Amino acid sequence: MALTHGPDTGPCAVCKKPSARPCSRCRVDFYCGKEHQTLDWPRHRKGCGVLAVESNEALGRFVVATRAIPAGTILMREVPLVAYPVVLLPHAACTGCFARLPLGPLQGCQRCGFPVCGEACSLKEVHLPECSAFQRAGFKLSTKLYLEDDKYMNALKALRVHLATQKMPQGRRLAELKSDFQPRGQSGIPEVYAWELGQRVEETSARIAKAVSWLRGKVGMKWIPAKDLERALGAVDMNALQGSPCYNMDPDALQAVGLFAGHSLLEHSCAPNAFSYYWHNEDDSNRDDMETVLVAARDIARGEHVTITYLDGNSVCDAPTRRQTLLNWSFFCRCVLCRDPTELGLHLTAWYCGYCNRKGRRCLVEVPDICGFGCEGCGEGGYVRKDAEGNGWAEVSRLEARIKELRGSGQKVPRKVWKGLLSEALRTGGVLHPTHALVLQVKKELAFERALDKLAGRVPADASGQAGDLRQDVAYTRELLRVMDVLQPGISPARRDCLMNLYDLTEALLELPGNENNEALMKEYVELNEKIQPCLINPQEKKNFPALFAET
Ligand SMILES: C[S@@+](CC[C@H](N)C(=O)[O-])C[C@H]1O[C@@H](n2cnc3c(N)ncnc32)[C@H](O)[C@@H]1O
């Protein structure tokens with residue numbers, strides 16, 4: 001049986017005719033009949049039956065490659081077992097179609113009161129089961145309360161997932177999802193994280209208990225056992241996959257969350273080898289199914305674990321930040337990046353070594369909670385540079401807070417402000433190394449400034465007057481690309497964005513007076529174009545008509 005829960009229909013992989021016959025083993029490609037399935041087999045076989053589920057004590061279940069898998073192979077094609085909207089405060093989202101709702105008074109479903117765009121959305125299939133349950137309980141929510149407490153949204157999720165578990169065939173797959181948020185295989189983790197994990201488990205239990213007791217107490221759904229609702233919300237916490245439509249840069253785009261049978265088995269890695277994305281199928285109004293595909297970002301070797309990141313793939317973070325976020329899934333990360341004291345040579349969490357710096361050398365010391373503390377330059381342990389307050393963490397926290405404040409301002413931040421932040425962070429005597437994740441985040445703000453200006457319809461600064469800035473941005477983007485080669489390798493969207501930025505900046509450099517005949521630059525420009533091509537095939541096209549994109 002396929003690991004995944006896929007759509008029932010799709011275009012034939014060869015002739016595009018609508019078909020209801022997916023490959024029974026992987027359910028990735030559809031065929032109109034035997035003839036086209038046989039014709040496509042040489043291509044299709046590369047990704048068919050290449051995944052197996054294994055388990056161990058530390059990770060629970062995880063997915064491995066049973067054969068070598070080439071980059072770009074579509075490994076899973078799924079629709080959610082159940083889906084619900086993402087509420088991005090201060091906006092509510094429609095319970096039926098998941099669209100973000102405008103600010104101001106909310107319109108509620110006439111029967112249960114949960115927010116909707118209008119009557120049509122309140123009659124959507126996805127909403128009807130919970131709406132009937134509220135009617136059976138004789139309860140209608142006062143819509144204006146909805147955004148005041150997250151228990152209403154949590155209650156809706158619990159109910160929706162629980163009711164979907166009653167329906168076959170999805171129900172059986174939903175019942176198989178990990179739903180307990182007790183940490184496992186976590187012996188030997190730093191004390192501070194063990195404590196935080198315990199705290200997080202308590203908070204999650206309290207949040208779940210609050211929503212469940214509201215449903216059974218205030219609403220009166222006593223006929224649903226508390227443990228079933230708790231299980232449903234636990235499965236949401238452990239497995240939900242959030243996304244927006246593929247390649248949609250619009251911040252107002254629909255945001256939704258789904259529980260997927262196959263994707264829920266995937267292990268997290270901070271340096272993953274696969275990525276997934278999904279979208280609302282707008283080109284076919286009858287399809288509202290948020291198809292999701294999992295793609296091999298790079299070549300994956302036989303026996304390798306197939307991994308995705310549970311974090312925001314576009315953001316570069318130090319180990320403590322990654323660990324804090326991953327506590328939401330009740331685990332302390334043991335991925336290849338987090339296990340290596342040097343973070344695969346990226347040193348995203350490193351500070352300067354006080355000993356080496358005193359001798360005028362620039363060396364790194366790993367931060368205590370990541371690896372046991374030692375400098376790769378001088379071998380000394382236990383002495384890192386401190387800021388004026390004698391506390392390296394204070395400097396890190398200050399920079400982090402400032403970046404957050406500037407990004408959250410909603411205004412274009414002048415270049416000189418980011419530059420100032422960077423020189424402050426990298427000043428002589430400072431704690432942070434130039435490869436620290438926070439420093440890279442500031443460099444990214446600078447490196448992508450022109451691209452963001454274009455995206456926002458602003459005219460980028462005239463390159464000819466800003467040659468120095470342009471060269472600097474090229475250097476920063478090259479640095480980010482080296483990081484992405486490890487963190488988001490191959491054809492992943494984050495690496496593609498870096499490549500495209502570098503391509504655009506190189507083009508601008510070539511236009512500067514005196515650079516027209518710069519052969520090295522021209523060569524890099526051509527090579528970048530070649531590297532970008534494999535990342536550019538629209539995965540939606542590739543998914544629907546794979547034979548058109550087959551390598552010859
Ligand atoms: C979405 S589930 C993945 C499938 C799950 N292992 C199972 O048995 O169903 C997420 C859970 O997998 C485990 N996990 C995933 N990635 C991990 C990692 N890098 N390190 C440790 N545990 C991980 C954690 O227990 C986490 O709560």
Side-chain angles (χ1 to χ4, degrees), residues 3-5 51-65 75-76 78 80-83 157 161 165 172-190 193-194 196-205 207-208 230-243 257-276 278 292 294 300 304-313 317 319-340 343-344 348 369-370 486-488:
L3 301 179
T4 53
H5 174 77
L51 303 179
V53 181
E54 292 185 7
S55 70
N56 65 29
E57 210 184 318
L59 292 168
R61 295 172 296 175
F62 54 91
V63 174
V64 290
L75 299 168
M76 291 183 182
E78 297 206 90
L81 298 161
V82 60
K157 286 183 213 168
V161 174
T165 311
R172 199 171 44 78
R173 305 305 291 266
L174 277 171
E176 286 166 6
L177 299 186
K178 172 179 158 70
S179 65
D180 72 284
F181 39 89
Q182 296 302 330
R184 66 173 151 224
Q186 300 292 327
S187 60
I189 67 175
Y193 289 106
E196 290 218 24
L197 258 176
Q199 291 290 106
R200 210 59 80 91
V201 168
E202 269 180 35
E203 283 162 23
T204 308
S205 309
R207 190 166 39 79
I208 291 181
E230 284 160 8
R231 201 203 161 276
L233 215 40
V236 165
D237 269 18
M238 286 299 110
N239 302 286
L241 199 67
Q242 178 173 339
V257 168
L259 293 180
F260 294 85
H263 280 74
S264 293
L265 296 165
L266 294 167
E267 173 188 339
H268 160 84
S269 171
C270 300
N273 53 23
F275 64 96
S276 76
Y278 73 120
T292 295
L294 176 73
I300 301 177
E304 220 183 308
H305 294 203
V306 177
T307 55
I308 54 171
T309 178
Y310 297 180
L311 306 169
D312 170 3
C317 302
T321 310
R322 301 198 302 271
R323 285 172 181 171
Q324 281 294 335
T325 314
L326 292 169
L327 292 181
N328 291 336
W329 287 268
S330 287
F331 70 92
F332 177 81
C333 187
R334 304 274 195 200
C335 79
V336 53
L337 187 79
C338 290
R339 279 200 317 264
D340 179 14
E343 296 172 292
L344 302 175
L348 301 172
D369 85 328
I370 181 168
V486 178
L487 294 191
Q488 293 287 323

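For clarity, every value in this text was computed on a predicted model and none was experimentally measured. First listed ligand is number 1; within each ligand, the first listed atom is number 1.
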Original post:
Who are the salt bridge (Lys or Arg N to Asp or Glu O under 4.0 Å) partners of Glu203, not counting sequence neighbours?
Top reply: none

**OP:** Anything with a heavy atom under 4.0 Å from ligand 1 counts, so go ahead and list those protein residues by chain and number.
**Re:** Leu59, Gly60, Arg61, Lys178, Arg184, Met238, Asn239, Ser264, Leu265, Leu266, Glu267, His268, Tyr310, Trp329, Phe331, Phe332, Cys333, Arg334

**OP:** Give the intermediate values and the outcome of side chain to side chain contact (heavy atoms under 4.5 Å, CB included) for residues Met238 and Ser330.
**Re:** CA-CA 8 Å; Met238 286 299 110; Ser330 287; 3.9 Å; yes

Subject >> OG on Ser269 to CZ on Phe62, rounded to 0.5 Å >> reply: 13.5 Å

Original post:
How long is the span from the CD1 atom in Ile300 to the CG atom in Leu75, to the nearest 0.5 Å?
Top reply: 5.5 Å

Original post:
Considering residues at least two apart in sequence or located in another chain, which fulfil the ring pair (Phe, Tyr, Trp, His ring centres under 6.0 Å) criterion with His5?
Top reply: none

Anything under 3.5 Å between a donor and an acceptor, one on a side chain of residues 257-267, the other on a protein residue two or more places apart or in another chain? List them.
unit_1, atom_1, unit_2, atom_2, d
His263, ND1, Glu78, OE2, 2.6
Ser264, OG, Phe260, O, 2.4
Glu267, OE1, His305, ND1, 2.7

